[in-house]
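What follows is a single structure, written as structure tokens, with notes after it.
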Amino acid sequence: MIRTVDLRKRFGKLDVLNGISEHIEQSEKVAIIGPSGSGKSTFLRCLNLLDIPTSGEVWFDGKNITDPRCDADATRRLIGMVFQHFNLFPNMTILENITLAPVRLRLKSKEEADRAALALLERIGLADKANAYSATLSGGQKQRVAIVRALAMEPKLMLFDEPTSALDPELVGEVLDVMKDLAMSGMTMLVITHEMAFARDASDRVIFMDGGLIVEQSSPDVLLSNPRHARTRQFLQRLLQEA
Amino acid sequence: MGFDFSLVIPRLPFFWTGTIVTIETSALSLLFGSILGVFIGIMRVLPFKPARSLAACYIYVIRGTPTLTQLFFIYFGLPALGVNLSAMASGIIGLSLNSAGYIGEIVRGGIEGVPSGQWEAGRVLGLSYQKMMRFIVLPQALRSMLPAIGNEFVTLIKESSLLSTLAITELTMVGQQVRSVTYASFETFIIVGAIYLILTTVTSMALRLLEKKWSVM
């Protein structure tokens, strides 16, 4: 589905990604964990070209999207992304947030897009908020809408950049539930998370990153309970202590 | 010494005509200035350096020279290049170009004030730069710009008094004419000032209403 070849990214003098070659299969759910500054976010942002890699390649759906001739906007339509801070458009209603891209990119008529958006809102229990503005929603509701906004483009791959990190603890569950639902529906997902329970229950594979490299990866059972590397053990222990 | 409005009162219709000219010239300059100003402001943030530099240069010149000099340049200076404009056309073009510089800078600030997360959210949905600008960024920028735009509108109404130097019979020019006939300078300019005050007050109140309406969203 998506594959990287020796992906590197440098911001000024700072090497953030130091050569990542990875492959994510169709329908696979991959959790990425690691300390802050480990390059996880940048890795995700290089996959949809929000950050342009300094060198290396990203192959998506059989196409080299890092090739300058490749239409980045067209590629991004097929890759949904959810941010830590939701980034809903405050000047639009919830329904308009969801239908903006499908309608303006002429992928759907206004009526079709409205119908699809309402069905999606129904699925996450927020149909009654269709005509509300985002300022009136809780953080958890905002993030659920942000997920649905990405899904309205019918993406083939969904990227989540710490989707629950900005939420009050009691609102984390409702967002994770929507993500688990999505995982069960067969969506290919890449999730940066600090929610180890989610990584254990919903992912097929966990990747631990540090220093711009993938330190180790394996099934959630193995990596979370019996990691091989001292660095991974240290990170998991610190997470446990904080919890 | 007593004041005597009896000489000025019969000339009130004359003030009225001047007020209409002031409103017309200000409104037209506001319209053209705003349209051009939005373009200048967008040019200031385009990911294309020559466009940014050009707009920056424009703003630099407009803000660094007196409005009166700009008006004189257009009316008295441009004929040397074969561009002969009527006083009215020179005045409206001059004020429009002038306010476009200031509005351009306000628009730039408004656009830069929209959080980068909004751009990113638009980009990951596959929207083009133009579509993001039009549907996501500009509507939010306009809302935050409104107070500054209101100030600029009020400034422009006041600066339209400079058109009297081009012999356009707007409000201040009418004042000059009434004064020279009646010698009632004090009374005349009290009235002129009061009319300007009404115009600027109505304008700022209208913009404050708009602000309130938009802030509900």
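Residue numbering restarts at 1 for every chain, and letters A, B, ... go by the order of the sequence lines. Computed over heavy atoms, backbone and side chain alike; hydrogens, waters and symmetry mates excluded.
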Item to check | side-chain hydrogen bond (donor to acceptor under 3.5 Å, both in side chains) between Asp161(A) and Ser41(A), worked out | outcome: CA-CA 6 Å; Asp161(A) 190 357; Ser41(A) 246; 2.7 Å; yes

Checklist entry - For Ile2(A) and Val58(A), what are the C-alpha separation, side-chain angles and deciding distance, and is it a side chain to side chain contact (heavy atoms under 4.5 Å, CB included)? => result CA-CA 7 Å; Ile2(A) 195 159; Val58(A) 179; 4.0 Å; yes

Item to check | Point-to-point distance, once rounded to the nearest 0.5 Å, from OG of Ser29(B) to CD of Glu159(B) | outcome: 10.5 Å

Checklist entry - Going by atom types only, do Glu112(A) and Ser109(A) share a side-chain donor-acceptor pair under 3.5 Å? => result yes

Next on the checklist: Is Leu49(A) in contact with chain B via its backbone, its side chain, both, or neither, using a 4.5 Å heavy-atom distance?
Outcome noted: backbone

Checklist entry - What part of Met81(A) gets closer than 4.5 Å to chain B, counting heavy atoms only: side chain, backbone, both or neither? => result both

Next on the checklist: Run Val30(A) and Met189(A) through side chain to side chain contact (heavy atoms under 4.5 Å, CB included) and show every step you take.
Outcome noted: CA-CA 6 Å; Val30(A) 178; Met189(A) 292 164 68; over 6 Å; no

Item to check | No-hydrogen, no-angle side-chain donor-acceptor test under 3.5 Å, Glu22(A) and Thr4(A) | outcome: no

Checklist entry - Does any heavy atom of chain B fall under 4.5 Å from the side chain of Arg45(A), the backbone, both, or neither of them? => result side chain

Item to check | Toward chain B, the part of Leu78(A) with a non-hydrogen atom under 4.5 Å | outcome: neither

Checklist entry - Do other residues, nucleotides or ligands put more than 12 heavy atoms under 6.0 Å from Phe39(B) CZ? => result no

Item to check | Under 4.5 Å from a heavy atom of chain B, the part of Phe89(A) involved | outcome: both

Item to check | Heavy-atom contact with chain B under 4.5 Å, split by part of Leu50(A) | outcome: both

Item to check | Pair Arg205(A)-Ile32(A), side chain to side chain contact (heavy atoms under 4.5 Å, CB included): steps then yes or no | outcome: CA-CA 9 Å; Arg205(A) 178 152 63 107; Ile32(A) 303 176; over 6 Å; no

Checklist entry - chain A contacts: which residues in residues 102-120 of chain B have a non-hydrogen atom closer than 4.5 Å to it? => result Gly117(B), Gln118(B), Glu120(B)

Checklist outcome for this item: Rounded to the nearest 0.5 angstrom, the CG-CG distance for Leu176(A) and Leu182(A) is 12.5 Å

